[in-house]
There are 2 protein chains.
Amino acid sequence: MSTMQEVANKAGVSKATVSRVLSGKGYVSQETKDQVFKAIEEAGYRPNLLARNLATSKSMCIGLVVTNTLYNGNYFSELISQAAKKLDANGRQLILVDGKHSAEEEREAIQFLHDLRCDGIIIYPRFLSVDEMDDIIDKYNKPVMVVNRKLRKHQSHCIYCDHKGSGLQATNALIERGHRNIAFITGSMDSPTAIERLSGYKEALTAVGLPINDALIISGKWSAASGAAAVEALLAAGQTFSAILASNDEMAIGAMKKLNDAGIAVPADVSVIGFDNIPTAPFLIPALSSVKDPVSDMVSEVISQIISMLDGGYLSEQNKFVSELILRESVTSGPDLP
Amino acid sequence: MSTMQEVANKAGVSKATVSRVLSGKGYVSQETKDQVFKAIEEAGYRPNLLARNLATSKSMCIGLVVTNTLYNGNYFSELISQAAKKLDANGRQLILVDGKHSAEEEREAIQFLHDLRCDGIIIYPRFLSVDEMDDIIDKYNKPVMVVNRKLRKHQSHCIYCDHKGSGLQATNALIERGHRNIAFITGSMDSPTAIERLSGYKEALTAVGLPINDALIISGKWSAASGAAAVEALLAAGQTFSAILASNDEMAIGAMKKLNDAGIAVPADVSVIGFDNIPTAPFLIPALSSVKDPVSDMVSEVISQIISMLDGGYLSEQNKFVSELILRESVTSGPDLP
DNA sequence: TTGTAAGCGTTATCAC
DNA sequence: GTGATAACGCTTACAA
């Protein structure tokens with residue numbers, strides 16, 4: 001690995017000049033420039049980013065922490081692909097760090113990114129509490145943005161969407177179609193998203209005076225298999241229902257499979273709605289309706305903010321974003337919203 | 001940000017001693033250790049990984065280059081989650097870099113990882129030729145491993161699976177069930193995987209004396225939408241077929257949707273087989289069979305190798321892995337392989 | 001057992 | 001325009 005010094009020697013100039021040529025900052029004659037470029041070429045020189053980053057305390061990297069419980073499926077890939085695309089458009093790199101499956105590990109992941117001197121950090125938290133996130137934002141002197149949580153203190157450092165509202169919306173859509181016995185399959189109940197969607201469901205029922213029947217609320221674990229199991233449980237218990245609201249599409253798919261197996265037609269006999277609106281959803285089963293979760297919009301927005309914080313000088317600008325960012329999920333009426 | 005020097009001052013020792021305490025290498029009395037830890041605590045000290053990595057020329061990071069044309073869907077998330085899990089189990093971090101959508105960009109991604117002084121690099125190439133990959137491996141002095149390609153020169157630096165073999169296998173499965181008119185939906189034909197799967201299909205037909213009917217071979221682009229479009233084209237052209245082999249599950253799903261829409265029952269009227277065996281596949285449509293692509297096994301194996309190269313001293317051990325690694329895809333007989 | 005000092009490969013501030 | 005030279009924060013012989 002040849003260094004800048006070697007290039008300098010080869011070109012008969014000093015390190016400083018080579019650095020100038022490379023950075024484009026400072027004056028350097030065309031003649032020397034040519035020599036330097038030639039020497040770089042000959043030496044097969046490549047800059048050492050570690051050294052550069054250490055000297056400049058900038059890395060052009062943004063870290064993203066995601067729990068690996070999210071690693072499965074379309075939602076995750078949409079998250080990552082959006083992040084990579086957007087960052088790249090701004091000339092930065094994405095560093096993905098596994099938040100694994102505990103608050104402690106999420107903390108460590110953030111710490112690691114910090115120790116690595118990333119320019120900014122994006123967290124899609126799963127186990128960390130909002131209060132701790134607020135503390136973390138105070139603690140670090142680099143931009144930290146939180147996706148899918150409403151923070152109490154640093155409202156300009158987070159972006160989230162109204163899961164409760166969309167649970168409500170989806171439930172209402174079913175009620176309006178005349179459904180009265182609506183089953184609900186929850187996500188993992190240690191996830192705020194799951195809790196909020198469920199509360200939207202309950203609120204919608206209550207609002208129109210329908211009873212909340214606990215026997216119709218089955219807990220799932222986000223996976224297709226757990227959706228299938230939920231329906232199995234409902235059937236085994238002999239429950240009556242004309243619609244199912246599943247907290248995500250994966251579970252909706254599993255649920256439909258089970259219904260079909262049991263000879264129950266979807267949507268003729270039972271309507272099903274999911275959440276997240278995964279890309280293949282419209283192809284899966286013509287009867288699947290889905291509520292879109294705006295992951296990509298959230299990620300995209302968060303990155304824009306980090307970039308502008310960085311470009312504008314973080315500390316001086318940190319009060320710039322005063323408004324809360326709430327993205328509303330939208331019910332995508334599939335070919336046949338029941 | 002307090003530095004090691006500040007900790008040293010606080011503890012009344014030298015930088016070197018603090019470093020020893022932190023690394024656990026070298027002798028240091030229990031007494032000083034305690035003082036140092038106390039000082040670290042008080043100072044809220046955190047090591048600067050850039051500085052450490054620069055000094056040691058080690059980073060404990062492994063880079064992964066993946067084209068973003070792969071970023072959508074289950075295959076990708078399985079790839080990433082496996083990589084993250086496996087690396088973590090070995091105390092290393094994953095750095096994901098976007099290979100975007102050209103050979104040049106894949107090259108740049110690799111270069112970036114190298115400039116960042118990653119300990120090792122994994123490439124899931126999409127556009128780079130195998131010959132260039134061989135050159136790249138020669139060029140860098142850090143372990144580089146290639147997933148899903150058979151290299152000519154550095155056979156111990158790659159792992160791949162027999163896509164042609166599984167194309168053959170899947171086609172045979174259909175032939176054995178009596179199918180004679182088997183349509184084939186290809187993946188993007190700039191992808192070796194797509195080409196190989198197609199060639200397996202052709203070979204299987206030829207082997208039993210069946211004609212290759214070009215009208216039954218439609219090119220898709222890996223997406224569900226393109227699978228649907230392919231079926232639409234087949235139907236519009238008035239083609240006769242009793243089975244469809246789609247180069248991946250996404251397309252198989254799109255294809256089935258279209259068939260169903262056209263009033264053609266799956267698998268009663270037409271059998272469908274896909275590839276990759278995405279987790280939700282068995283739930284999607286009871287009729288979907290899928291050939292499993294062993295991504296996770298490939299990634300896992302590749303990481304094991306990189307780690308052992310690193311631990312064993314790369315250059316001295318580089319001839320250690322002499323055997324080719326070929327993983328065979330397996331036909332998963334779904335509930336009802338036609 | 002601990003300290004000194006020379007790197008690691010850059011950038012950036014001065015002089016000249 | 002260009003060259004010394006001091007950082008950046010850490011590791012690691014080599015001394016003591």
Side-chain angles (χ1 to χ4, degrees), chain A residues 1-40 43-61 111-119 141-142, chain B residues 1-40 43-61 111-119 141-142:
Chain A
M1 280 290 71
S2 60
T3 70
M4 192 173 254
Q5 182 63 66
E6 290 169 32
V7 171
N9 295 152
K10 238 196 235 319
V13 299
S14 74
K15 257 191 332 184
T17 302
V18 177
S19 179
R20 279 189 205 103
V21 171
L22 252 50
S23 68
K25 292 174 196 289
Y27 298 100
V28 42
S29 75
Q30 188 57 48
E31 195 180 359
T32 14
K33 260 187 198 162
D34 293 342
Q35 291 172 337
V36 168
F37 278 126
K38 183 154 160 282
I40 286 178
Y45 169 77
R46 285 265 92 208
N48 182 327
L49 261 31
L50 291 176
R52 174 179 297 174
N53 294 345
L54 177 60
T56 57
S57 35
K58 258 177 196 281
S59 72
M60 297 308 269
C61 284
Q111 188 65 260
F112 172 76
L113 253 11
H114 171 258
D115 293 350
L116 212 54
R117 298 301 185 268
C118 270
D119 291 346
N141 51 346
K142 293 263 167 93
Chain B
M1 279 291 73
S2 61
T3 71
M4 192 171 258
Q5 183 63 65
E6 290 170 31
V7 171
N9 295 152
K10 240 196 234 319
V13 299
S14 74
K15 255 193 330 186
T17 301
V18 177
S19 178
R20 281 188 205 104
V21 172
L22 251 50
S23 67
K25 292 174 195 291
Y27 299 99
V28 42
S29 75
Q30 187 58 48
E31 195 181 0
T32 11
K33 259 187 199 164
D34 294 342
Q35 291 172 337
V36 168
F37 278 127
K38 182 154 161 284
I40 287 178
Y45 169 77
R46 283 266 95 207
N48 182 327
L49 262 30
L50 290 175
R52 173 182 296 173
N53 294 344
L54 178 60
T56 57
S57 35
K58 258 176 196 284
S59 72
M60 297 308 271
C61 283
Q111 188 67 258
F112 172 76
L113 254 8
H114 171 257
D115 294 350
L116 213 52
R117 299 300 186 268
C118 270
D119 291 346
N141 50 347
K142 293 263 168 92

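Sequence lines set the chain letters: A, B, ... in the order given, protein chains first and strands last, and positions in each chain run from 1.
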For this session: Compare all side-chain heavy atoms of A/Thr32 with those of A/Val21 and state whether any distance is below 4.5 angstrom.
Result: no
Exercise. Which nucleotide, D/dC10, D/dT2, D/dT12, lies nearest any side-chain atom of B/Ser19?
Worked result: D/dT12
Exercise. Reckon A/Ser23 touches a base, only the sugar-phosphate, or nothing at all at heavy-atom distances under 4.0 Å?
Worked result: nothing
Problem set entry | Integer-rounded Å distance: D/dG9 P and A/Asp115 CG | 13 Å
Seminar exercise, completed: Shortest non-hydrogen pair, A/Val18 vs A/Met4, comes out as CG1-CG, 3.6 Å
For this session: Report the distance from atom CG of B/Leu22 to atom C1' of D/dT12, rounded to the nearest whole Å.
Result: 15 Å
Exercise. Are any side-chain N or O atoms of B/Ser23 and backbone N or O atoms of B/Ser19, one a donor and one an acceptor, separated by less than 3.5 Å?
Worked result: yes
Exercise. At under 4.0 Å between heavy atoms, what does B/Ser57 touch on the DNA or RNA strands: base, sugar-phosphate, or nothing?
Worked result: nothing
Exercise. Atom CG of A/Asn9 and atom C1' of D/dG3: how far apart are they, to the nearest Å?
Worked result: 13 Å
For this session: May I ask you to verify whether the side chain of B/Arg46 and the base of D/dG9 hold a donor-acceptor pair under 3.5 Å?
Result: no
Problem set entry | Pairs flagged by salt bridge (Lys or Arg N to Asp or Glu O under 4.0 Å) wherever residues 22-39 of chain B is involved - sequence neighbours left out | B/Lys38-B/Glu42
For this session: Find which nucleotide of DNA chain C each of B/Ala16 and B/Thr56 is nearest to by heavy atoms, and output the residue with the more 5' nucleotide.
Result: B/Ala16
For this session: Return the 5'-most residue of the pair B/Lys15, A/Lys15 with respect to DNA chain D, ranking by each residue's nearest nucleotide.
Result: A/Lys15
Problem set entry | Nearest-nucleotide 5' precedence on DNA chain C, B/Ala51 against B/Glu31 | B/Glu31
For this session: Return the nearest nucleotide to the side chain of A/Ser29; candidates are D/dC10, D/dG1, D/dA4.
Result: D/dG1
Exercise. Does the side chain of B/Asn141 come within less than 4.5 Å of B/His114's, by heavy atoms?
Worked result: yes
Exercise. Nearest-Å distance, CD (B/Glu6) to P (D/dG9)?
Worked result: 9 Å
Seminar exercise, completed: Scanning both residues in full, the closest heavy-atom pair of B/Ile40 with B/Leu22 reads CD1-CD1, 3.2 Å
Exercise. What is the distance, rounded to the nearest whole Å, between atom CE of A/Met4 and atom P of D/dA4?
Worked result: 15 Å
Exercise. Reading DNA chain C 5' to 3', which nucleotide is the first, and which the last, to come under 4.0 Å of any heavy atom in chain B?
Worked result: C/dT1 to C/dG9
Exercise. Can you check the A/Leu50 CG to D/dA7 P distance for me, whole Å?
Worked result: 22 Å
Problem set entry | Under 3.5 Å donor-acceptor, A/Arg117 side chain and A/Asp115 backbone | yes
Problem set entry | Phosphate contact (D/dG3 OP1 or OP2) by A/Ser14 side-chain N/O below 4.0 Å | yes
For this session: Using whole Å, report how far CE of B/Met1 lies from C1' of D/dC10.
Result: 15 Å
Problem set entry | Length of the CG-P vector between B/Leu54 and D/dC10, whole Å | 12 Å
